[in-house]
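Here the structure comes first, spelled out in structure tokens, and everything after it is commentary.
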There are 2 protein chains.
Amino acid sequence: MGVRVSSTNSLTVEDLGSAAQRDRRKRILDATITLASQGGFDAVQMRAVAESADVALGTLYRYFPSKVHLLVSALGREFDRAEKVLRDQPIPGDTPAERVIEVLRVVSRGLQADPQLTEALTRSFMFADASVAQEIHHVGMVMTTLVTRAMHPEDAEVSEDDIAIAKVIGDVWLSALVAWVTGRQTPAETVQHIEVAVKLLLRD
Amino acid sequence: MGVRVSSTNSLTVEDLGSAAQRDRRKRILDATITLASQGGFDAVQMRAVAESADVALGTLYRYFPSKVHLLVSALGREFDRAEKVLRDQPIPGDTPAERVIEVLRVVSRGLQADPQLTEALTRSFMFADASVAQEIHHVGMVMTTLVTRAMHPEDAEVSEDDIAIAKVIGDVWLSALVAWVTGRQTPAETVQHIEVAVKLLLRD
DNA sequence: GGACAAACTGGAACGTGTTCCTATTATGTC
DNA sequence: GACATAATAGGAACACGTTCCAGTTTGTCC
């Protein structure tokens with residue numbers, strides 16, 4: 001079967017091999033998202049994922065070397081989807097702060113609509129070690145891009161400071177998310193906390 | 001043996017019962033810190049902690065209902081110690097930003113001196129659910145206090161904004177810590193990231 | 001089509017967090 | 001000091017992530 005060097009039209013940077021392999025990978029990620037939506041991090045059990053995706057346990061581990069890799073990859077796919085949806089929509093709001101808050105509100109609403117999924121993905125994000133750095137970095141980039149685009153809709157000048165601010169907002173967002181999924185903070189508190197941070201960072 | 005309502009001079013808010021119980025608790029936390037320092041999160045194995053503290057496994061679970069509780073409690077104790085050391089020392093620096101950065105630098109240096117311990121404690125912090133909210137909140141308060149005191153050494157006016165800023169700094173600090181302990185960021189990058197955030201938040 | 005390699009299946013097995021149970025020991029009460 | 005109760009010791013047992021292996025299927029090359 002062998003991993004070919006490259007095919008003509010791969011969807012991502014990494015080539016994933018044959019159609020059967022892409023299909024298995026998709027089935028696995030679908031099963032992961034389904035299980036995570038239903039019961040959160042704990043419900044994403046490797047044996048259950050394998051069975052649900054109609055794949056042997058060993059095969060699952062062949063595609064994703066750990067539960068964390070699996071969940072972070074699933075998170076990445078969902079984030080890509082969300083980013084695509086938001087990409088071409090104009091963001092309402094007169095000031096950068098308003099637009100950033102709006103974007104975060106939309107994203108947060110999406111997450112809060114599926115708390116178990118969010119819990120699973122956030123947990124895995126937090127538990128990820130260096131071996132998933134690439135996947136994590138990808139998610140961080142998408143997040144930063146979302147925020148800087150909200151700051152400058154005309155996609156003109158994005159300064160160093162802008163990026164720094166976007167990263168700080170990302171940090172606050174992550175911390176708030178952790179506090180929320182671990183039940184230490186209500187959704188309303190989470191949203192408000194982020195808004196306060198954005199206003200502090202974007203007061204000019 | 002029964003938990004007495006209160007004794008004359010308990011060290012913390014919660015009364016921990018007899019001297020033997022306090023001693024066991026101390027031995028357990030000591031063993032936890034020792035193991036964590038040597039091998040990080042993975043090395044803190046409940047059976048190893050129990051053996052090292054000369055306590056049965058069931059007893060360990062009687063004192064700390066989970067590994068995360070155990071580690072977060074250990075983190076709380078270490079934080080209290082650090083806070084006591086810093087409490088009565090004047091913080092060098094002419095501006096709030098300088099002083100806050102200095103405080104965070106001192107704390108970070110302490111953490112980076114024992115990476116395995118930091119990794120273990122940060123991981124547990126990230127994995128903590130609602131049942132450890134109290135311990136987490138305690139650590140958060142200490143952190144916020146440290147920062148606001150650096151902002152206003154005269155411990156005079158601490159405004160709402162000040163607290164909000166301190167919380168945001170705490171969020172950034174936590175995110176940076178996670179990135180560091182998971183090997184996705186170097187100590188230097190971590191320190192610099194935090195400095196940028198502080199300067200952004202405390203530019204006046 | 002045949003030979004070979006890679007991938008997949010099905011399942012056993014191991015490590016560690018967690019639970020549970022019984023016998024034994026410490027603690028507080030009269 | 002005798003008793004009642006709570007705490008502890010010691011260890012078996014279970015769950016789930018992870019690893020490993022033997023046999024089978026799938027894909028590739030001639």
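Chain letters run A, B, ... following the sequence lines, proteins first, then strands; residues in each count from 1. Any value given below was found using the heavy atoms of this structure, including those in side chains, with hydrogens, waters and symmetry copies removed.
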Legend entry - Partners meeting side-chain hydrogen bond (donor to acceptor under 3.5 Å, both in side chains) with A:Ser124 (sequence neighbours left out): none

Show me the donor-acceptor pairs, under 3.5 Å and distance only, between side chains in residues 100-108 of chain A and residues at least two apart or in other chains.
| residue | atom | partner | partner atom | Å |
| --- | --- | --- | --- | --- |
| A:Arg105 | NH1 | A:Glu195 | OE2 | 3.4 |
| A:Arg105 | NH2 | A:Glu195 | OE2 | 2.9 |
| A:Ser108 | OG | A:Leu104 | O | 2.7 |

Legend entry - Phosphate OP1/OP2 of D:dA7 contacted by B:Thr59 side-chain N/O (<4.0 Å): no

Inset, instruction - Could you tell me the separation between the CZ atom of B:Arg27 and the C1' atom of D:dT8, rounded to a whole number of Å? - result: 11 Å

Legend entry - Whole-Å distance separating the CG atom of A:Leu60 from the P atom of D:dT19: 12 Å

Inset, instruction - Spell out, as yes or no, whether a donor-acceptor pair under 3.5 Å connects the side chain of B:Asp162 to the backbone of B:Ser159. - result: yes

Inset, instruction - Looking only at side-chain atoms of A:Leu57, point me to the closest of C:dA12, D:dT8, C:dC8. - result: C:dA12

Inset, instruction - Could you pull out all residues at least two apart from A:Phe41 that satisfy ring pair (Phe, Tyr, Trp, His ring centres under 6.0 Å)? - result: B:Phe127

Inset, instruction - Return the value, rounded to whole Å, for the distance between atom CZ of A:Arg24 and atom P of C:dA7. - result: 11 Å

Inset, instruction - Give the nucleotide from the list C:dT9, C:dG17, D:dT18 with an atom nearest to the side chain of A:Ser66. - result: D:dT18

Inset, instruction - Find the distance A:Arg62:CZ to C:dT9:C1' and express it as a whole number of Å. - result: 13 Å

Inset, instruction - Kindly check if the number of other-residue, nucleotide or ligand heavy atoms within 6.0 Å of CD (B:Gln112) is above 12? - result: yes

Inset, instruction - Measure from CZ on B:Phe64 to P on D:dT8 and round the result to the nearest Å. - result: 12 Å

Legend entry - A:Val181: side-chain contact (heavy atoms from CB on, under 4.5 Å) partners, not counting sequence neighbours: A:Thr118, A:Glu119, A:Thr122

Inset, instruction - Name the residue closer to the 5' end of DNA chain D, choosing between A:Lys67 and B:Gly58 according to the nucleotide with the nearest heavy atom. - result: B:Gly58

Inset, instruction - Grab the CG-C1' distance between B:Asp23 and D:dA7 for me, whole Å please. - result: 15 Å

Inset, instruction - Look at the side-chain N and O atoms of A:Tyr61 and state whether any lies under 4.0 Å from the OP1 or OP2 oxygen of C:dC8. - result: no

Legend entry - Close approaches to DNA chain C from residues 37-55 of chain B, in residue order (heavy atom, under 4.0 Å): B:Val44, B:Gln45, B:Met46, B:Arg47

Legend entry - Between D:dT8 (P) and B:Arg22 (CZ): distance, integer Å: 14 Å

List the atom pairs, donor and acceptor, that lie under 3.5 Å between side-chain atoms in residues 45-61 of chain A and the rest of the protein, sequence neighbours left out.
| residue | atom | partner | partner atom | Å |
| --- | --- | --- | --- | --- |
| A:Gln45 | NE2 | A:Asp42 | O | 3.3 |

Legend entry - Atom pair distance, as rounded to whole Å: CD1 in A:Ile28 and P in C:dA7: 14 Å

